[in-house]
Peer 1: 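Quick one: this structure, given as C-alpha cells, is what I'll be asking you about.
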Amino acid sequence: MILLGALALLAAVFAFVPLYIVLPMTAHSADLIDHVLSIRRIGTVACPLFAAAAVAWFSLKWRAWSRWRRIAGSGLLLVALAGAVLSRINVVEKMFPPADGATLASIAGFRDVADSDMVIGVTLGSETRAYPVRFLAHHHMWNDKLDGVPILPNY
Amino acid sequence: MNFLMYDEETGSWWQQISGECLFGPLKGKKLVRIPSDEVTLSTWRAEHPESTAVRFLAGIRYPESDWEKRISKLPAVADSKRRTDLPPRELVAGIEFNGASVAFPIETVRAAGPVNHAVGGEPVLVVAGADGNSVRSFFRRLGGNVLVFYKAPGAAEFALIDEATGSRWDFSGRSIDGPLAGRQLARIQNTKDFWFDWQRYNPQTAVYRVGR
C-alpha cells in the first residue's frame with residue numbers, strides 16, 4: 001500500500017507541478033520555468049512508468065487485501081493513472097489553442113471594430129495588414145504569413 | 001502582457017516579450033522582431049488604404065472596446081525586485097537602443113506634446129497621435145542635423161514643426177510642408193507595455209519625466 005501511495009504521489013507531482021507555468025499573476029523566474037519544464041519533460045516518460053508499476057503492484061496484491069485496502073488502493077491507482085494521462089497532454093495548448101486561417105477584409109470596408117479601436121499594423125514587402133488588438137487580445141497568438149514570410153502577431 | 005509560447009514542431013518554449021527560446025531544443029535562439037505599429041483603425045486606414053484587415057471569427061466573444069480599462073484595474077504581479085518609479089499598471093512606450101532603454105509614460109507623452117529626448121545617446125522623438133492613443137517614435141537625426149520638434153501652434157489637424165526650418169511634419173514622420181517637405185524621419189520601434197513588465201525585462205531602464 002505504501003509503495004502504491006508513493007507511486008501515485010510521484011505521478012501526481014510530475015503531472016501537476018508543470019501547471020505552475022500557467023498560474024496567473026505570478027512572477028515566474030527563468031530558473032523556475034526551466035526546472036518546471038524539465039520536470040514536465042521527465043514526467044512524460046516517468047508518469048506512465050509510475051502508473052504501469054502501480055497497476056502491476058495492485059494486480060499482484062489486491063487478492064490478499066481487505067475490502068477497505070482494496071478501495072484505498074483503487075483510489076491511489078486512479079491518481080497514478082490520471083497523472084499518466086495528464087503528463088501526456090499539453091494542458092496549456094488546450095487552454096490556448098493555436099490559431100490561424102484568418103478571413104481578410106479590405107481596410108476600407110472593415111467594420112469589425114470601431115474606428116477608435118487599436119490595431120497592430122504590419123508592412124512586409126508588398127503586403128500591409130491590420131490585426132485588431134481586440135482580436136489578438138482574445139487569441140493571443142495568430143500564425144500568419146505576410147508577403148510569404150511566416151509571422152506571429154501576438155498580444 | 002507577456003506569456004510563454006510553445007511551438008509544435010520542436011516542442012520549445014518561447015518568451016513573448018523577447019522572442020527568446022527559454023527551454024527545449026531551440027533554447028538560446030531568438031525570433032526576429034518585425035517592425036509593427038499600434039495605432040487606431042482610423043489612423044491605419046488613412047495611412048494605408050491598400051491594407052487588409054483580419055476579421056473576427058464567427059462564434060467568438062471578443063473583448064469589448066474598453067477592455068483595457070478593466071485590465072488596468074487588475075493587480076500587478078508581485079515582484080520583490082520591483083522598482084517603484086511609476087505605478088505598476090502605468091502604460092509606457094519603451095524604447096531600447098545602443099544597450100540603453102527608456103520608458104516614456106504614455107500619459108506624459110500625451111500631455112507634454114512631442115517629447116524630444118535621447119536613448120543610448122541617439123536623439124529620438126516620441127509623439128502621441130491626434131487620436132490620443134497611438135504613440136510613435138522616430139530618430140531625430142536627419143542628414144547631419146538633429147531636429148527639435150514642437151506641436152504646430154493653432155493647427156486644426158495634427159502637425160509638428162521643427163525648430164530649425166519650421167517645416168511641418170505629420171504623424172507618419174514625413175514632412176508635408178516647408179524646406180524639408182518630402183523628407184522622412186526613420187522610425188524606431190517602441191513597445192507599449194505596463195511599467196511592471198517593462199522594468200522587469202529592462203531593470204536598468206530610465207524613466208522619462210518632463211523637464212529632464
Side-chain angles (χ1 to χ4, degrees), chain A residues 21-22 24-28 30 33-34 36-38 40-41 90 92-93 96 98-99 101-124 126-142 144 146 149 151-155, chain B residues 1-8 11 13-16 19 22-24 27 31-32 34-58 60-65 67-68 71 74-82 131-134 192 196 200:
Chain A
I21 60 167
V22 278
M25 299 296 152
T26 310
H28 298 86
I33 287 175
D34 206 276
V36 163
L37 289 175
S38 297
R40 180 179 178 275
R41 187 159 63 187
N90 190 347
V92 183
E93 197 172 319
F96 304 100
T103 318
L104 298 177
S106 77
I107 197 92
F110 182 65
R111 294 284 177 274
D112 287 12
V113 302
D115 279 5
S116 56
D117 283 352
M118 302 297 276
V119 300
I120 304 286
V122 183
T123 300
L124 269 186
S126 61
E127 270 196 283
T128 298
R129 191 161 296 166
Y131 303 87
V133 165
R134 287 167 58 200
F135 176 91
L136 291 177
H138 174 87
H139 295 288
H140 294 298
M141 294 180 280
W142 193 261
D144 204 0
L146 206 57
V149 181
I151 63 169
L152 182 74
N154 59 83
Y155 202 87
Chain B
M1 270 197 191
N2 220 337
F3 44 77
L4 285 177
M5 315 188 287
Y6 174 83
D7 75 73
E8 277 182 339
W13 297 77
W14 305 78
Q15 185 179 52
Q16 182 201 16
L22 298 182
F23 189 85
K27 182 169 179 166
L31 300 175
V32 176
I34 54 172
S36 64
D37 232 348
E38 191 168 348
V39 296
T40 58
L41 173 60
S42 53
T43 298
W44 190 256
R45 185 190 285 129
E47 289 181 358
H48 299 278
E50 78 287 4
S51 180
T52 52
V54 170
R55 300 212 53 194
F56 280 173
L57 305 188
I60 290 180
R61 262 194 70 192
Y62 287 97
E64 299 298 324
S65 292
W67 68 284
E68 267 191 327
I71 297 283
L74 292 176
V77 174
D79 186 344
S80 54
K81 284 175 289 184
R82 185 200 291 169
D131 56 45
N133 279 319
S134 316
K192 187 176 160 192
F196 79 84
R200 191 174 162 87

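Note on naming: letters A, B, ... go to the chains in the order of the sequence lines (proteins, then strands), and numbering restarts at 1 for each one. Side chains are part of it too, since the values below use all heavy atoms of this structure and drop only hydrogens, waters and symmetry mates. Worth saying up front: this structure is predicted, and the values here are computed from it rather than measured.
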Peer 1: Which pair of non-hydrogen atoms, one from A/S116 and one from B/T40, has the smallest distance, and what is that distance?
Peer 2: O-CG2, 3.6 Å
Peer 1: Determine the option with the most heavy-atom pairs under 4.5 angstrom with chain B, choosing from A/S38, A/A108, A/A114, A/S106.
Peer 2: A/S38
Peer 1: Any heavy-atom pair between the side chains of A/R40 and B/F23 that's under 4.5 Å?
Peer 2: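 No - every pair of side-chain heavy atoms lies 4.5 Å or more apart.
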Peer 1: Given A/D117 and B/L41, is the side-chain contact (heavy atoms from CB on, under 4.5 Å) satisfied, shown in steps?
Peer 2: CA-CA 6 Å; A/D117 283 352; B/L41 173 60; 5.5 Å; no
Peer 1: Which bit of B/I60 is near chain A, if near means a heavy-atom gap under 4.5 Å: side chain, backbone, both or neither?
Peer 2: side chain
Peer 1: Can you tell which of A/L37, A/L104, A/V122 has the highest number of heavy-atom pairs within less than 4.5 Å of chain B?
Peer 2: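 Option with the top pair count is A/L37.
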Peer 1: Just wondering, do A/I120 and B/K192 contact through their side chains at under 4.5 Å, heavy atoms?
Peer 2: no
Peer 1: Can you check whether A/T128's main-chain N or O pairs, donor with acceptor, with B/S51's side chain at less than 3.5 Å?
Peer 2: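 Judged by distance alone, yes, a pair lies under 3.5 Å.
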Peer 1: Grab the two heavy atoms, one from A/Y155 and one from B/E38, that are nearest each other, plus how far apart they are.
Peer 2: OH-OE2, 2.9 Å
Peer 1: Around atom CZ of A/R111, are there more than 12 heavy atoms of other residues, nucleotides or ligands at under 6.0 Å?
Peer 2: yes
Peer 1: When the ring planes of A/F135 and B/Y62 are compared, do they come out parallel, tilted or perpendicular, using 30° and 60° as the limits?
Peer 2: parallel
Peer 1: Treating B/R45 as the side-chain partner and A/D115 as the backbone partner, does any N or O pair qualify as donor plus acceptor under 3.5 Å?
Peer 2: no
Peer 1: Using the test ring-ring contact (aromatic ring centres under 6.0 Å, His included), find all partners of B/W44 that sit at least two apart in sequence or belong to another chain.
Peer 2: B/H48
Peer 1: Are B/M5 and A/L152 close enough, and set up right, to give a side-chain contact (heavy atoms from CB on, under 4.5 Å), and what steps lead you there?
Peer 2: CA-CA 10 Å; B/M5 315 188 287; A/L152 182 74; 3.6 Å; yes
Peer 1: Under 4.5 Å heavy-atom distance to chain B, tell me which part of A/T103 shows up: side chain, backbone, both or neither.
Peer 2: both
Peer 1: A/L146 versus chain B, heavy atoms under 4.5 Å apart: side chain, backbone, both or neither?
Peer 2: neither
Peer 1: If I measure from the heavy atoms of chain A, does B/T43 come under 4.5 Å with its side chain, its backbone, both, or neither?
Peer 2: neither
Peer 1: Run the side-chain hydrogen bond (donor to acceptor under 3.5 Å, both in side chains) test against B/E64 and tell me which residues pass, sequence neighbours left out.
Peer 2: none
Peer 1: Just by modelled atom types, is the B/T52 backbone N or O under 3.5 Å from a matching donor or acceptor in the A/R129 side chain?
Peer 2: no
Peer 1: Could you check whether any side-chain heavy atom of A/D112 comes within less than 4.5 Å of a side-chain heavy atom of B/V54, counting everything from C-beta outward?
Peer 2: no
Peer 1: Quick one: are the ring centres of A/H139 and B/F56 less than 6.0 Å apart?
Peer 2: no
Peer 1: So do the side chains of B/R55 and A/P132 get within less than 4.5 Å of each other, counting heavy atoms only?
Peer 2: no
Peer 1: Counting only non-hydrogen atoms closer than 4.5 Å, does B/P63 touch chain A with its backbone (N, CA, C, O), its side chain (CB onward), both, or neither?
Peer 2: both
Peer 1: Restricting to non-hydrogen atoms, name the atom on B/S65 and the atom on A/R134 that form the minimum distance, rounded to 0.1 Å.
Peer 2: OG-NH1, 3.3 Å
Peer 1: Given a strict heavy-atom distance threshold of 4.5 Å, which part of A/A105 is in contact with chain B: side chain, backbone, both, or neither?
Peer 2: both
